[in-house]
Amino acid sequence: MKQKRVVMGVIGVDAHVVGNKLMENALRQSGFKVTNIGNFVIQQDFIKAAIETNAEAILVGTLCGHGELDCQGFREACIEAGRGDIHMVVGGNLVVGKQDFRGVEERFMDMGFNRVYPPGVSPSRVIEDLKTDLGVSQE
Amino acid sequence: MSKDVEYGLFADFGSTFTKVVLLDLDTLTVVGRTQRPSTVETDITLALRAAMEDIRQILGGQVEYRYNLATSSAAGGLKMAAIGLVPELTAEAAKRAALGAGAKITGVYAYQLTRKELEEIEGGGLDLVLLAGGTDGGEQETIISNAEKLARLGGLRAPIIVAGNRTASDQVSAVLASGGKEHVITDNVMPEIEILEVDKVRDIIRDLFIKRIIEAKGLKNAEEFIDEILMPTPTAVIAAAKLLAEGADGEEGLGELAILDIGGATTDIHSVAKGDPTEPGLVKKGLPEPYVKRTVEGDLGMRYNASTIVKVAGEAFFRESIDSLGLDLHRAVSRFARNPESLPESEADEGLDLALARAATRVAMDRHAGRIETTYGPNGPVYIQYGKDLRGLKTVIGAGGPLIFGPAPDVILRETLFSDANPFSLRPRNPTFYLDGKYILYAVGLLSEKEPVKALKLGKKYLKRLNSS
Ligand code: B12
């Protein structure tokens, strides 16, 4: 299989990196070519990295509750940059406090994300979905 | 003159002057120096021979030279274009690689080359083209299509160095070959995001300079009188900077440092420094900085861009510094620009020259040094560092005409300093200033290839200390 390439990072002014590292390791072990641009990352940096690496997916982590604001216009920016087709995933603590996840999911889907995960999601679930979405044959 | 002494003759073919310095390699002293107006247009050896004759006069006879080496920035320097994919990523990496190899960058290009850009490249009189784009295994369409476009440029004779996505290199090579383009394939300048690999490219540029460019520029006949033109002048300064910082074989260096070099056409800054944050709580972001970093400000030349300097630094600064001189600022500045070889003729000219040098230095250091940007998070402000933190630097060296020949090098050098008025610009706080008063940094760089310890001792001996701090 040709390695699938993903760009990941934690968006915005967000100091939480543990989940990001965890997810990176899990993705690498599952055979993905991972470009992890770390935290304090803005949309444009995700997109630039995705262009250079020709990534198939962008994985956005957002932990401290600013996700909705930080992610606004992300899909549109990808479209502008010529990568409107890229698969986009978001996870972490997307919003502040305990809100009904269905509503949260819907709002992020409306923003153009293809997969939206609730807090504490297991990396294996994210990876299974990613393999399906990117057409990685399971063996 | 003594027959037992070992001498080294070091020449620099500059765009305006051909300089020669003769060193006594036993006592490590400068025996003689001279310069003659360069004769690139006619026969480069005319100026060289005249300068060598000057040296013979100084010595009172003919001697053997242990080394007889030269650098060159004549005939436009080593002109290169840097091509990449994303401006802040592979295009920037390509630019840094070329600058670090002593090149003079004529243009930096990103994404698909446009027709206008191709015309620029074709008509730019380039010596080399550096073609990058895509991380290894990453995007490859752009570099292949740019290679196709370059391959079709009939007027492009310069060798092309390909340092992009490794996966694309076979195809890029085939495409360039089909267009009859001389090219070299090497490692990617940016194999992965945030990883910069410039060493291979730098070595190849150096190699092509010696093998191809010297001849192409009509400098080859100098080798009748000189053993070898080893490198572009800026490369020798970079080598000297590195040697002076790091030391050699038990001879201690000066530690991390910066060199400010003000010239008629550009203002350059070299730093040999890691640039890691010097205070806790700073988060480092952006493309990693090369440990030996060279920036070249093509809009801050003391002569060619005198009026740009005024524009960039602001008229207010100039009014303040030269008001008392009774000069018509704009007229004086355009007079300088029209006569790039002119030296200050009056006290007023000198005052203007000093103001120009100060302004150029301030802006050039602002661009070279890193900066802090503040963003606000849920916990208040977060400080992010881009570029190098040079606040802890202990040594700043001045080079170039306005510093060497001007009346107040220390005043100019002070413009490199950290300022409370602009605390987010990470400039040196409290360095010791030195001056390359004898214009020998290039010779130190050349000699460092042969005898690093002697080169280092010589450099340290002739750097003139300007302040104590
Ligand atoms: C450790 C911690 C910190 C540390 C972080 C250290 C570091 N370098 O990472 C420090 C002390 C710096 C910190 C600071 C703050 N924190 Co804090 N922090 C935590 C804590 C206790 C644990 C986080 C952690 O590492 N978990 C372990 C990892 C493995 O889990 P995870 O991050 O959730 O990741 C998992 C999933 O979410 C998912 N995932 C993560 N990333 C991604 C990305 C994608 C694409 C996908 C699909 C999935 C995914 O996969 C992981 C595995 O299951 C949590 C509470 C908690 N128990 O979760 C609060 C918590 C995250 N912090 C919180 C807050 C509010 C803050 C502060 C604003 C607090 C403050 N006022 O001081 C600051 C933020 C500063 C800033 N600018 O970012 C809140 C967030 C509230 C919200 N969103 O509703 C939490 C939830 C605490 C709470 N209950 O209030 N914090």
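Numbers restart at 1 for each chain; the letters A, B, ... are given by sequence-line order, proteins then strands. Keep in mind that this is a model prediction, so the values were computed, not measured.
Within 6.0 Å of CD in A:E80 there are 12 or fewer heavy atoms belonging to other residues, nucleotides or ligands. Within 6.0 Å of the NZ atom in B:K388, the count of heavy atoms belonging to other residues, nucleotides or ligands exceeds 12. Counted within 6.0 Å of CD on A:E68, heavy atoms from surrounding residues, nucleotides or ligands total more than 12; the atom is thus considered enclosed.
Each of A:K33, A:H66, A:Q44, A:E52 has some count of heavy-atom pairs under 4.5 Å with chain B, and the biggest count is that of A:E52. For chain A, the option among B:V283, B:D136, B:T90 with the highest count of heavy-atom pairs below 4.5 Å is B:T90. Ranked by heavy-atom pairs shorter than 4.5 Å toward chain A, the options B:E192, B:E88, B:M190, B:Q140 are led by B:E88.
Without hydrogens or angle criteria, A:T53 side chain to B:T135 main chain gives no donor-acceptor distance under 3.5 Å.
Of the atoms belonging to B:N165, not a single heavy atom falls under 4.5 Å from chain A. Contacts of B:I384 with chain A are made by side-chain atoms alone, with heavy-atom separations under 4.5 Å and no backbone atom involved. Proximity to chain A (any heavy atom under 4.5 Å) is shown, for B:E141, by neither the backbone nor the side chain.
With values rounded to the nearest 0.5 angstrom, A:N39 atom CG is found 6.0 Å from B:K285 atom NZ.
Shown here for B:V382 and A:V13, the closest heavy-atom pair between the two residues is CG2-CG1, 3.3 Å. Of all the heavy atoms in B:V86 and A:K48, the pair that sits closest is CG1-CG, 3.5 Å.
Looking only at side-chain heavy atoms (C-beta outward), A:T35 and B:E194 stay at 4.5 Å or farther from each other. Annotation: side chain of A:R5 is not in contact with side chain of B:E139 (no heavy-atom distance under 4.5 Å).
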